[in-house]
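Notes to accompany the following structure.
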Amino acid sequence: MATRPPLRTVSTASSSHSTDSPTAAAAPPGGVPQSITALLNNPLPSASSGSYWLPWPPPTSLPDAPPVPSHPCEVSRADFAPYLAAVADPFARFADIRLHANAELAASDDGAPTSSSTSSGLAACLREVPALFFKEDFALEEGATFEAACPLGDGALQERLGQHLDVVEAHLVQEIARRSASFYEAQGRLRGLDGEIVSAVGRIRELREVVRVLTGDLVGDAQQVQELNATRGNLVALQEKLTIILYVSQALTALRLLVLAADCAGALDVIDDLQNLLDTDELAGLYCFRHIRDQLGTSLDSVNSILSAEFVRAAVPDGKTVDAMISSTVKRRTSIPLNGTEHEVSVDEEESFILRDRLLPLIICLLRTDKVPAVLRIYRDTLITAMKASVKSTVAEMLPVLISRPTDSDSVTGERAADSDAGGQSLANKLRNLSSEGFVQLLSAIFRIVQVHLLQAAEVKKIVQWIMRNLDGSISTDATNPAIQHGGSIDFSQENDNGVTSRVSSTVTRSPTKLSLFQGKANDMSSTNSIKNVRADVLRESTEAVFAACDAAHGRWAKLLGVRAALHPKLRLQEFLIIYNITEEFIAATEKIGGRLGYNIRGILQQQSKQFVDHQHSVRMAKIKAVLDQETWVAVDVPEEFQAIVLSLSSTDFPVNGMEMPSTDSNSKLSGDGILTTQEPSYSPENNVDNGDATSVTGHENRAESTSPQIENNVAGHVKTMSQTIVLGGVGYHMVNCGLILLKMLSEYVDISKCLPSLSFEVVQRVVEILKLFNTRTCQLVLGAGAMQVSGLKSITSKHLALASQIISFIHSLIPDIRRVLFLKIPEARKQLLMSELDRVNQDYKVHRDEIHTKLVQIMRERLLANLRKLPQIVESWNGPEDNDLQPSLFAKAVTKEVTYLHRILSQILLEVDVQAIFRQVVQIFHSHITDAFSKLDVSSPQAKNRLCRDVQHILVCIRKLPAQNFSAETVRNYGLLDEFLAEKFGTKVDE
């Protein structure tokens with residue numbers, strides 16, 4: 001069962017009366033409450049704004065307390081008389097209210113049942129009705145509450161609930177009846193208040209009418225005068241507005257005409273005037289000009305577009321001029337061979353002034369619109385595009401002409417010739433089919449085209465910087481100039497042109513009211529920082545335009561080099577050096593203009609240079625190996641050019657010009673497989689005596705030394721001075737073919753190091769590698785007898801060994817000079833590592849030479865031992881009855897012949913010092929081995945003793961002739977054990 005809403009102590013009757021009363025509408029602003037219970041319960045009403053309608057007056061403020069008597073003990077009631085008089089009326093009213101309230105309470109107590117006399121009606125109600133129904137959270141929908149209030153199976157539930165409801169209603173009615181008298185009394189007082197309000201409103205209406213009549217009589221004329229003045233002012237304002245409308249209309253028409261006529265300065269003046277009108281709100285409220293801001297914006301965009309197009313047209317080189325330059329370049333290059341690179345492009349001073357006069361008004365107008373940085377960015381992109389297009393046109397126009405030209409270059413390989421026969425070639429294939437001379441001509445033409453663009457871009461940058469410096473109120477731009485910070489130059493012709501400077505100033509500051517140099521920044525430009533920022537932006541963009549153009553030029557050049565990256569390493573040094581030098585000049589020129597290093601193109605050039613060095617090294621390594629494998633180890637005459645190479649390497653003032661290379665147009669040339677072809681004189685057959693092969697490494701006898709023919713014996717048509725030795729440090733060295741080839745290669749390495757100083761470190765490493773290969777392969781071929789398999793030699797003779805020793809000694813003596821020359825371009829920090837490498841190679845050559853000398857001594861020792869093994873058989877024939885043969889034995893003749901032959905061969909080839917060192921060991925071996933063998937012989941007969949004495953004397957005579965130094969304290973040359981044996985056995989000696 002739903003609960004009833006609680007009854008409110010509101011009198012509906014009084015509410016309806018107050019609503020129907022005509023005075024209800026005239027109630028005070030705060031309104032009258034429908035229940036006055038709270039008012040009746042307050043004996044002292046507050047002095048709020050809503051208490052003025054009560055029948056009693058508002059309480060007065062209490063007087064100040066009486067002064068404290070000088071003697072507190074003498075206080076009397078008369079001292080409080082003023083205070084009591086002041087509170088007498090409020091206290092009397094309070095006493096009456098309390099009395100009335102007590103009376104009502106007593107009356108209610110008399111009418112209440114006896115069972116609840118001590119409590120109010122509501123308290124009695126709480127005692128009769130269960131407390132469950134008076135809880136704040138009472139809700140029958142809850143299960144526990146419903147079971148407690150309405151237990152199931154209770155038949156008298158409805159009757160009991162009804163009784164509870166009747167009890168509550170009865171007590172509520174009693175409470176309402178008990179307070180009804182006070183309510184009706186308050187209602188009556190409210191009605192009286194409404195009547196007073198109605199009378200007050202009537203009096204107010206009468207006063208208003210009186211005031212209206214007085215106003216019309218006293219101030220009517222003055223008010224009319226005021227209205228007429230206001231009308232006149234409105235008409236004047238209307239006339240001004242109409243004048244402004246006419247001016248704006250004419251200005252808009254003029255603006256359109258100026259834009260169509262491309263008069264940007266005049267258009268900007270009109271835009272500034274109209275913008276000032278908009279900023280001063282003089283056009284505010286004019287509906288006809290509601291779109292004027294958009295119109296001005298559109299016109300300003302059109303002006304900016306015109307200025308941008310004109311600036312780009314004036315700043316970027318004319319396409320017709322570039323095309324004419326390309327055509328003239330093509331004609332000149334097709335008729336004149338390349339004798340050098342000519343790409344000097346200068347800027348005419350008159351053209352520079354013309355360009356400045358064209359750019360000056362454009363830049364000033366762009367400064368007024370604050371569009372200079374944006375236009376410079378557009379100019380940068382256009383410049384790059386135009387330069388790329390010019391390079392592409394140059395390549396497209398010159399390629400057919402250069403390809404059709406005959407060339408004498410030897411660098412055109414069969415692969416390139418095959419590619420040139422193929423139809424439908426791409427641009428990259430055409431570039432690859434160009435000869436090196438044609439490619440250099442193409443690069444030179446591109447160099448000139450790029451220089452035209454970059455120099456004009458540099459002039460534009462100088463003009464912009466010159467204008468920014470000559471503005472009125474300019475400040476020092478040294479600290480904020482990005483061109484100086486980036487290393488760029490801003491030098492410009494500082495002429496005393498007062499007319500030009502004044503023109504800049506007058507153009508920028510045209511009038512005090514229109515100083516809108518940078519649109520929308522009139523307030524900001526009053527500060528120095530803003531000026532610095534704007535100038536910094538303009539200078540930075542002008543510098544960046546040149547930087548970007550240089551970067552684009554580097555990219556185009558690098559792309560051309562990259563297309564031929566596979567061909568450049570195969571070029572000759574002169575051809576590659578021309579490409580390298582023109583690229584270096586291009587990089588230097590563009591870096592000077594742009595003020596920024598070209599890391600990308602420098603990296604590509606360095607990479608191709610390293611590829612060139614690597615390829616040249618690999619070719620030379622293969623070539624020297626092939627030359628060594630074909631070497632017959634026969635002495636050759638030395639052409640004069642090789643002696644010049646040695647002199648240049650050993651000279652202290654080595655020529656730095658890398659192009660000063662020995663001429664290949666001589667009696668000595670490199671054939672296709674790298675073999676030096678030179679005239680070889682025929683040798684006398686006396687070298688091929690019966691025992692001439694006694695010095696064979698294999699030990700076989702009766703081998704005749706054959707002179708193997710050279711690959712080419714002579715070069716027809718050329719006669720040049722020849723010498724049998726090459727002189728180094730005052731010492732002559734006999735040379736073979738491979739030695740001359742290695743010398744030529746070493747000079748080429750030196751030339752590469754001079755021409756490419758950045759790769760000097762790599763060149764030294766390659767020189768170390770080729771020296772190691774030459775030393776190792778020579779040792780394998782000569783000492784290891786490998787030449788018998790690869791070169792077809794029948795044996796390795798002492799002459800072969802001597803020539804190999806000469807070559808090794810020559811290179812060993814040449815290495816210090818090569819190191820000195822190669823180290824000229826190497827930093828000190830990296831020299832130590834390379835010096836240790838070269839020292840190790842030099843030591844290897846010295847060890848190799850000593851091993852060859854040891855091998856020669858060993859050969860002579862083996863031949864002596866072979867003859868000593870035949871000695872017992874020869875001695876048996878000495879005991880014959882007759883001794884008619886006065887000649888030495890076959891043993892003595894063989895030994896002396898072999899050592900004499902070895903001495904003759906070595907003395908012809910080796911140095912005297914080396915020959916003495918070798919034969920010093922040979923003499924020692926002869927003394928020790930022959931003395932030991934003769935001491936073991938059983939010689940008893942006089943004939944045998946005589947033969948032995950003759951052999952010893954014969955051998956000692958031969959030993960005396962050998963160039964060995966004395967190894968004993970005796971003054972006799974080559975004195976030794978064999979001399980002591982002769983003196984001991986036979987009592988004689990051999991004089992010198």
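Just so you know, these numbers come straight off a predicted model, no measurement behind them. Counting from 1, the numbers follow the sequence of the chain as shown.
- Contact annotation: the side chain of Ser542 never approaches that of Val460 to less than 4.5 Å [non-hydrogen atoms, C-beta and beyond].
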Quiz item: Between Glu459 and Leu455, does a side chain to side chain contact (heavy atoms under 4.5 Å, CB included) hold up when you go through it step by step?
Solution: CA-CA 6 Å; Glu459 287 297 320; Leu455 288 177; 5.7 Å; no

Quiz item: So Val395 and Leu431, side chain to side chain contact (heavy atoms under 4.5 Å, CB included) or not? Walk me through it.
Solution: CA-CA 9 Å; Val395 174; Leu431 285 172; 4.2 Å; yes

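- Using modelled atom types, no side-chain atom of Arg766 and backbone atom of Val613 make a donor-acceptor pair closer than 3.5 Å.
- Proximity of Pro639 to Leu740: side-chain heavy atoms (C-beta onward) are separated by under 4.5 Å at one or more points.
- Atoms CD1 and CE, on Ile446 and Met387 in that order, are 11.5 Å from each other to the nearest 0.5 Å.
- Trp557 places none of its side-chain heavy atoms less than 4.5 Å from the side chain of Ile587.
- With a 4.5 Å cut-off on side-chain heavy atoms, Ile770 and Tyr749 count as touching.
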Exercise. Let me see the working for Lys744 and Glu641 under salt bridge (Lys or Arg N to Asp or Glu O under 4.0 Å), right down to the final yes or no.
Key: CA-CA 10 Å; Lys744 181 79 171 180; Glu641 61 173 304; 3.6 Å; yes

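- Nearest approach of Ala589 to Phe447, heavy atoms of both residues: CB-CZ, 3.9 Å.
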Exercise. Apply side-chain hydrogen bond (donor to acceptor under 3.5 Å, both in side chains) to Asp817 and Ser650, showing your working.
Key: CA-CA 5 Å; Asp817 293 332; Ser650 59; 4.8 Å; no

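- Atoms CD1 and CZ, on Ile463 and Phe353 in that order, are 10.0 Å from each other to the nearest 0.5 Å.
- Classification of Arg377 and Glu541 as a salt-bridged pair holds, one side-chain N sitting under 4.0 Å from a carboxylate O.
- Residues His568 and Phe439 place their aromatic rings such that the two centres sit under 6.0 Å apart.
- A distance of 12.0 Å separates CG in Asp301 from OG in Ser308, rounded to the nearest 0.5 Å.
- Residues Arg602 and Glu591 are paired through a salt bridge, judged by an N-O separation under 4.0 Å between the basic side chain and the carboxylate.
- Here Lys754 contributes atom NZ and Leu577 contributes atom CG; the two are 10.5 Å apart, rounded to the nearest 0.5 Å.
- Scanning for ring-ring contact (aromatic ring centres under 6.0 Å, His included) contacts around Tyr580 gives an empty result, with sequence neighbours left out.
- For the pair Gln611 and Ala565, the tightest heavy-atom approach, listed with the atom from each and the gap, is OE1-O, 3.8 Å.
- Across every non-hydrogen atom of Arg380 and Ala545, the tightest pair is CG-CA, 3.7 Å.
- Here the closest heavy-atom approach between residue Cys264 and residue Ile306 is recorded as SG-CG2, 3.5 Å.
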Quiz item: When you look at Arg620 and Gln616, which way does the side-chain hydrogen bond (donor to acceptor under 3.5 Å, both in side chains) test go after all the steps?
Solution: CA-CA 6 Å; Arg620 283 164 175 76; Gln616 297 296 324; 2.6 Å; yes

Exercise. Show your reasoning for whether side chain to side chain contact (heavy atoms under 4.5 Å, CB included) applies to Leu307 and Lys371.
Key: CA-CA 9 Å; Leu307 291 173; Lys371 291 295 182 180; over 6 Å; no

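- Counting only distance, with no hydrogens or angles, the side chain of Thr583 and the backbone of Ile579 share a donor-acceptor pair below 3.5 Å.
- In this structure, Glu544 CD and Asp537 CG are separated by 11.5 Å, a value rounded to the nearest 0.5 Å.
- Asn600 meets the side chain to side chain donor-acceptor pair (under 3.5 Å) test with no other residue; sequence neighbours excluded.
- Between the Gln456 side chain and the Ser352 main chain, no donor and acceptor come within less than 3.5 Å of each other.
- A pairwise comparison of heavy atoms in Ala265 and Arg368 identifies O-NH1, 3.8 Å as the closest pair.
- Using a 4.5 Å heavy-atom threshold, the side chains of Ile582 and Ser444 count as touching.
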Quiz item: What's the verdict on side chain to side chain contact (heavy atoms under 4.5 Å, CB included) for Arg564 and Leu434, showing C-alpha distance, side-chain angles and the deciding distance?
Solution: CA-CA 9 Å; Arg564 293 173 56 90; Leu434 276 179; 3.8 Å; yes

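- Using a 4.5 Å heavy-atom cutoff, the side chains of Leu454 and Val546 are not in contact.
- Interatomic distance, Thr382 OG1 to Arg313 CZ, rounded to the nearest 0.5 Å: 11.0 Å.
- Here the closest non-hydrogen pair linking Phe612 and Leu756 is CD2-CD1, 4.2 Å.
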